[in-house]
Amino acid sequence: MDTQQIAFMFFGGLGIFLFGLKYMGDGLQKSAGDSLREILNKFTSTPLRAILAGIFVTILFQTSTGTTVLTVGLVSAGFMKLKQAIGVIMGANIGTTATAFIIGFNIGAYALPIIAIGSAMLFFFKRPIINNIGQVFFGIGTIFYGLTLMGDAMRPLRDLEMFRELMVTLSDNPFLGVVGGTLLTFVLQSSTATIGIIQELYGQGSMELTAALPILFGSNIGTTFTAIIAAVGASVAAKRSSASHVIFNLVGTALVLIVLTPFTNLLIAISGALNLNPAMQIAFGHGMFNVVNVLIQMWFISQLAAIVSKIVPGDDALIEYDASHLDYSLITTAPSVALNQAKREIHQMGEFVLEEYREMFKYYKNQDEVSLANTLQMEDVVNKIDTHLTEYLMLISVEDLPLKSSTEHAQMMDITKYLERIGDHSENILNNIKEAVRANKKHAKNKNGKQPEKIFYDEDLIALFHLVEQNIQDAVKSFTEDSYSLAGGVIKREKEVNRLENEIRIKYIERLNSGVGLPSDGILFVDIVSNLERMSDHSAKIAKHSLGIRYPFQHQSRTPRHGQPKEVTEGVEISNT
C-alpha cells in the first residue's frame, strides 16, 4: 500500500467517522425531542443532579462541546448559576466516554449491514420516530465503517521504524503523550476521534498501553480548546465556564499522571478479570479516568467557581431571572392566587422586555458588540419567560374561575403575547441596524471612503425611540400597578408616536428622492420606524387592558377606582384591534 493510498484511506475514513458521529448525535437528539435545554435548565439544582444531567445530555449530543455551549447560554441568560454549569461540564466529561464504549464492542464487521438497516428506516418509512432511529443506526454504521478504513490505513505504521521509536518515546515520557493527545484532539476537533484512533492502534498491537493512556488523557485537555476559542470576545459567563472546563481537565490529568503506574496496573487487572478486548480496555481506561476525576473534584465545585470568578472578574449574567413566581401547586388549590403569581411574572417579563429595548437602543447609538450581545441575551430570556408563563396560564385556564378572574386571565394571556412581540420587534430593529452597518462598510470599502460614524442618525428617530420606551415602561406599570393615569398617558402618547412616525417616513423618502443615502438604507430605516410604531401599538393595547376597554364587555363592567377621575378614559377609542 503506497503513501497516497494510506493517506486517502485514513482521511476518508476519518471524514466518514466524524460524519457518522454527528449524524448519530442528531438522530439521538431528535428522538429525545427538543427537551435537552429544558433538562439542563430544570435538573441541575444540586451538584450531583447537574453532573447526571451533563452525562445524559452529552450522550444524546455525542459531544461534550455541544453540552458546554448550551450550558454557557443558560448561564449567560441567568437561568443557571456558575456552580451548576461546572457540575454539568463535569458530567459532560463522563458522557463523552459513551461512544468509546460503543466502539469497544468491535462490531466493525457488521458496519455495512447496520448502514443498510439505517438506510431502510430512513427511506422506506414515513414516521418521524422510525426515521430518527434509522438516523442513529446509520450513524453507528458509518462510525464503524470509518474506523475500519482508518484501521486499515494505520496498519502499515507498525512496520515503520520511526513509528516504533515514537511509541517507545511516548511510553517512557507520559508528558509528551499528553501533549500529543492534546494537539491531535485540537486538530481533529473531536476527542472521540482521537480515542477511536488510539483504540485502533492499540488493538493492532502498534502501541503499548503505557503510551496509549497519556494520549488518552491529553484528549480531554484538547476538547477545551474549542470552548476557549468560543469564549474569546464572549460574555463573562462564557469565559468563566470555559476556564472551569480547562482547570478541571488540567487538574484531573495532573492527578492521574502522578499515579499513572497504579492506574495502569488497576486497568490491566480489571481488563483481565472482565476479559476485555483492547478497544474496550481503552474505553474502560477513559471511563475510569473521567469518573474518578469527577468523584474527586465534585466536592470542590464552590472553590473552582471562586477561582474562575477571580480569574475572570465581572458579572456572569446581565440580569438574574427568578422563576420562583410560578408555583404550580397553587393552580389546582388556589387558581386565583396562581393568577397573582402570573401577574408578578408579567411584571418581571416587562422589566426584561424594557431592558432588551434599552440595550437595542444603545446598539443603535453606538453599534458596539456588547449591546448587540446583551440584546440577544435578553431576547432569549424573554422567549423563555413567555414559554413558561403561557404554559402556566394554560394550566390555570382549565380550572373553574370567577368571572372577574376569567377576565384577568384573558388579559394576561394577551399581555404576555404583546410583551413577547415587543421583544421580537427589538430583535428586528437590531437586525436592521446590523444589516445597515454591514452595507455601509461594504459601500465605504468599494468607494475607498470613510464610513459614516452613525448609522441612521436622526433626531426625530431618537425622539421616537424615547417616546416608545416611555410607552413600554408605563404600559407595563399601568397593568402591574393597576394605574389608570399611566394607562391614559400611554394612549395619549400613542397619537404622538403615530404622528412622528408618519413625519419621519415622509422626510426620509424625500431625502432618498433627492439622492441622499442608499436606497437599501431607506428600506431598513422605514422598517425600523415601523417596528417602533408596532411596539407602541402593543403598549397601547396593554394600556387598554389596564383601563378595562380592550374589549367592549370590559368597558361595560369596569368602573374607575376611588380617587381616579373618569376623565382619564375620555376620548379613548374603544377598539378590538
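FYI, side chains are in, hydrogens and waters are out, and symmetry mates aren't considered; it's all heavy atoms of this structure.
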Can you list everything that forms a ring pair (Phe, Tyr, Trp, His ring centres under 6.0 Å) with F10? Sequence neighbours excluded, please.
none
Atom pair CE/OH of M378 and Y357 - distance to nearest 0.5 Å
15.0 Å
Can you tell me if N431 uses its side chain to pair, donor with acceptor, with the backbone of E427 under 3.5 Å?
yes
Heavy-atom side-chain contact between F289 and F217 under 4.5 Å:
yes
Could you give the distance from CD (Q199) to CG (N277), rounded to the nearest 0.5 Å?
8.5 Å
Heavy-atom distance under 4.5 Å between the side chains of V259 and L255, does that happen here?
no
Interatomic distance, I117 atom CD1 to Y110 atom OH [nearest 0.5 angstrom]:
12.0 Å
Taking side chain as C-beta onward, heavy atoms only, is E359 less than 4.5 Å from K362?
yes
Shortest non-hydrogen contact from T194 to S219?
CG2-CB, 4.0 Å
Sub-4.5 Å side-chain heavy-atom contact between L266 and M288
yes
Between A212 and I282, what is the shortest heavy-atom contact and its length?
CB-CD1, 3.9 Å
Using the test salt bridge (Lys or Arg N to Asp or Glu O under 4.0 Å), find all partners of D386 that sit at least two apart in sequence or belong to another chain.
K417
Minimum heavy-atom distance V178-I221, with the two atoms named:
CG1-CD1, 3.9 Å
Gap separating the OG atom of S309 from the NZ atom of K83, nearest 0.5 angstrom:
9.0 Å
Sequence neighbours excluded, which residues qualify as salt bridge (Lys or Arg N to Asp or Glu O under 4.0 Å) partners of K434?
none
State which residues pass salt bridge (Lys or Arg N to Asp or Glu O under 4.0 Å) with E208; sequence neighbours excluded, sorted by chain then number.
none
So for atom CZ, which belongs to F361, do other residues, nucleotides or ligands contribute more than 12 heavy atoms lying within a distance under 6.0 Å?
yes
Just by distance, do the side chain of S371 and the backbone of Q367 share a donor-acceptor pair under 3.5 Å?
no
Euclidean distance, L372 CG relative to I433 CD1, rounded to 0.5 Å:
9.5 Å
Are the side chains of V381 and E355 in touch, meaning some heavy atoms are under 4.5 Å apart?
no
Please name all residues satisfying ring pair (Phe, Tyr, Trp, His ring centres under 6.0 Å) with F19, sequence neighbours left out, ordered by chain then number.
Y23
Find out whether E420 and M349 are in side-chain contact, i.e. whether some heavy atom of one side chain is under 4.5 Å from a heavy atom of the other.
yes
Are the side chains of F138 and S119 in contact, using a 4.5 Å heavy-atom criterion?
yes
With a 4.5 Å limit on heavy-atom distance, are the side chains of Q135 and N131 in contact?
no
Tell me which one of T97, T253, N290 satisfies side-chain hydrogen bond (donor to acceptor under 3.5 Å, both in side chains) with N220.
N290
Where is the tightest heavy-atom contact between V294 and M90, given as atom of each residue plus distance?
CG2-O, 3.4 Å
Value for CG (L209) from CD1 (I268), rounded to nearest 0.5 Å, stands at 5.5 Å
Check: residues 297-305 side-chain donor-acceptor pairs under 3.5 Å, at least two apart:
unit_1: Q297; atom_1: NE2; unit_2: F248; atom_2: O; d: 2.9
unit_1: Q297; atom_1: NE2; unit_2: N293; atom_2: OD1; d: 2.5
unit_1: W299; atom_1: NE1; unit_2: L295; atom_2: O; d: 2.9

Give the intermediate values and the outcome of side chain to side chain contact (heavy atoms under 4.5 Å, CB included) for residues T96 and I195.
CA-CA 11 Å; T96 196; I195 295 165; over 6 Å; no
Which heavy atom in M360 sits nearest to a heavy atom in I429, and how many Å separate them?
SD-CG2, 3.5 Å
Which heavy atom in D424 sits nearest to a heavy atom in E379, and how many Å separate them?
OD1-OE2, 2.8 Å
